[in-house]
2 protein chains.
Amino acid sequence: MVWSGNKNTKKIPDIVIEERLPKYLRALTRMQENGGVERVSSEDLGKALNYSAAQIRKDLSYFGRFGKQGQGYDVKKLVQRLREILGLENKQWNMALVGVGGLGRAIVGYGRFAPQGFKIVAAFDHDPAKVGKKVGTLVVKDMKELGDTIKRENIQIGIVAVPASAAQQVIERLEEAGVKAILNYAPITAPRGKAKIQDIDPVLKLQSMTYYLKQDDQIGKK
Amino acid sequence: MVWSGNKNTKKIPDIVIEERLPKYLRALTRMQENGGVERVSSEDLGKALNYSAAQIRKDLSYFGRFGKQGQGYDVKKLVQRLREILGLENKQWNMALVGVGGLGRAIVGYGRFAPQGFKIVAAFDHDPAKVGKKVGTLVVKDMKELGDTIKRENIQIGIVAVPASAAQQVIERLEEAGVKAILNYAPITAPRGKAKIQDIDPVLKLQSMTYYLKQDDQIGKK
DNA sequence: GTATGTGAAAGTGTTCACAGCG
DNA sequence: CGCTGTGAACACTTTCACATAC
């Protein structure tokens, strides 16, 4: 190995992985594509993302030294390095969707997964009325086929788009089938299990914003 | 600026508002509806949400003392108190959607906003081909009408579902129109402005999970 | 006896400030 | 010079542990 290792044994804060590196990547990619920017300083990137320059330098330093003093960072190199770190390089990740209601269908139609290397390769539902029907280009499969399909199609990520009442069970079945990462759109918190879970619930986001709204403005008087 | 009914002067960590209180509310509501549970201890609630009991007690203590030693918390009272704190009591919040593409239409069809008191009352697009058409029960309006409609319909929250290239501008227009909270589905980070913004980007969530996946499992190899 | 509420301690994460390199 | 990389200082958050109340 060229650079005598990342001498850095220090613990990387969770939030660096869970939030900031992906945002750095998103912002840098956008700068490349739109502005044709070839170099950024930590200050530039910080301004684009509402972070301090120091924060960005510190975050990147956990993974090596890829800036040049006096110049900043080479955008192309940094993008590539971030992609490697996040496990996005030379890879396509296969995903299975569970739950083909309105939400599930919207997820299949969402245009930003595939270009980023995330492909939905199978869809499941336990409703016999939906099994066999098409969603986009996929034929909906019965839940019985979950385990086999996940192995056969080399699926590493599950997407849960079922009602709250079914979500816990679906997550367990995905974990049993060997899925290691789950994107959960159902409004529940699952017990910690084998898989890494990320939750998406827009209602929670709204409910946190109303805390800040409530003092200055309400509708009751109408 | 005065908060009513909060004698506690200590600073409330952001993450309490932004993440945990809404999750507490979600879990408690579910316990009520499903299990008919009337009381919880901090330990019970912690187990349901993967938090420590101490964390829950500390979080709640920022807002008063609503537990009883030896008994725990009365679920119904706690739910009500949380709803007050978050600004959800006796209120409906009106929202405007901007961007009526595939994503925007899915948002209109999403079934969990209305039951939680969040109602989309207007939809906008700048594409003349879409203006005048219906989305659900709403007639799509031209962006020109944004400011007037927001005032007339008493809209406090904006939802951004436009492409990245248009998002920044849309956010500015919403802020100018007096919107104080924005749910942003576009893959950009907006500069800090007048409104509180919450971002939703499932791709970022996937990209953080692949970091943890990358070591143990890649395509073709086990 | 049992579970809350809370100061104090421990643990994490962020900012400072400057040495060092290009 | 300008800007990175980084220990050290600082700030913030969580956990501990126990007095307190039911």
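There is no side-chain donor-acceptor pair under 3.5 Å between A:Asn94 and A:Asn154.
Atom P of nucleotide C:dT4 and atom CZ of B:Arg39 are separated by 11 Å, given to the nearest angstrom. Protein atom CD1 of B:Ile56 is 16 Å distant from nucleotide atom C1' of C:dT6, rounded to whole Å. In this structure, A:Arg65 places its CZ atom 9 Å from P of C:dG22, rounding to the nearest Å. Computed from coordinates, the A:Ile12 CD1 to C:dG13 C1' distance equals 14 Å when rounded to whole Å. Atom CD1 of A:Ile15 is separated from atom C1' of C:dG11 by 16 Å (rounded to the nearest Å). The separation between B:Tyr62 atom OH and D:dC12 atom C1' is 9 Å, rounded to whole Å. One interatomic measurement links the two molecules: NZ of B:Lys11 to P of D:dT14, which rounds to 11 Å at whole-angstrom precision. Atom P of nucleotide D:dT14 and atom CG of B:Leu60 are separated by 13 Å, given to the nearest angstrom.
Within residues 41-52 of chain B, the residues having any heavy atom closer than 4.0 Å to DNA chain C are, in order of number, B:Ser41, B:Ser42. Within residues 18-27 of chain B, the residues that place at least one heavy atom under 4.0 Å from DNA chain D are, in residue-number order, B:Arg20.
One finds a salt bridge joining B:Arg81 and B:Glu84 here, because a Lys/Arg side-chain nitrogen approaches an Asp/Glu carboxylate oxygen to under 4.0 Å. Between A:Lys205 and B:Glu19, no side-chain nitrogen of the basic residue sits less than 4.0 Å from a carboxylate oxygen of the acidic one, so the salt-bridge criterion is not met. Salt-bridge annotation for B:Lys194 and B:Glu175: absent, with no side-chain N of the basic residue lying under 4.0 Å from a carboxylate O of the acidic one.
Two residues are said to be in side-chain contact when any heavy atoms from C-beta on lie closer than 4.5 Å; A:Phe118 and B:Thr210 meet this criterion.
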Review item, nucleotides 17-19 of chain C N/O atoms under 3.5 Å of protein N/O:
unit_1 : atom_1 : unit_2  : atom_2 : d
C:dA17 : N6     : A:Arg57 : NH2    : 3.3

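Without hydrogens or angle criteria, B:Arg83 side chain to B:Glu89 main chain gives no donor-acceptor distance under 3.5 Å. At distances below 3.5 Å, not a single donor-acceptor pair connects side-chain atoms of B:Arg65 with backbone N or O atoms of B:Leu60.
Every residue meeting the salt bridge (Lys or Arg N to Asp or Glu O under 4.0 Å) condition with B:Arg26, not counting sequence neighbours, appears here in chain and number order: A:Asp201. Not counting sequence neighbours, the partners of A:Arg20 by the salt bridge (Lys or Arg N to Asp or Glu O under 4.0 Å) test are A:Asp59.
Listed nucleotides: D:dA8, D:dG5, D:dT14. Nearest to the side chain of A:Tyr73: D:dG5. Nearest to the side chain of A:Pro13, among D:dT14, C:dG13, C:dT15, sits C:dG13.
Between A:Lys68 and A:Gln55, the residue whose closest nucleotide on DNA chain C is further toward the 5' end is A:Gln55. Residues A:Lys58 and A:Gly70 each lie close to DNA chain C; by heavy-atom proximity, the contact nearer the 5' end of the strand is made by A:Lys58.
For the pair A:Lys214 and A:Tyr211, the cation-pi criterion (under 6.0 Å, within 45° of the ring axis) is fulfilled.
Applying the salt bridge (Lys or Arg N to Asp or Glu O under 4.0 Å) test to pairs two or more places apart or on separate chains, those with a residue in residues 29-45 of chain A are A:Glu43-A:Lys47.
Counting non-hydrogen atoms of other residues, nucleotides and ligands closer than 6.0 Å to CD of B:Gln169 gives a total of 12 or fewer.
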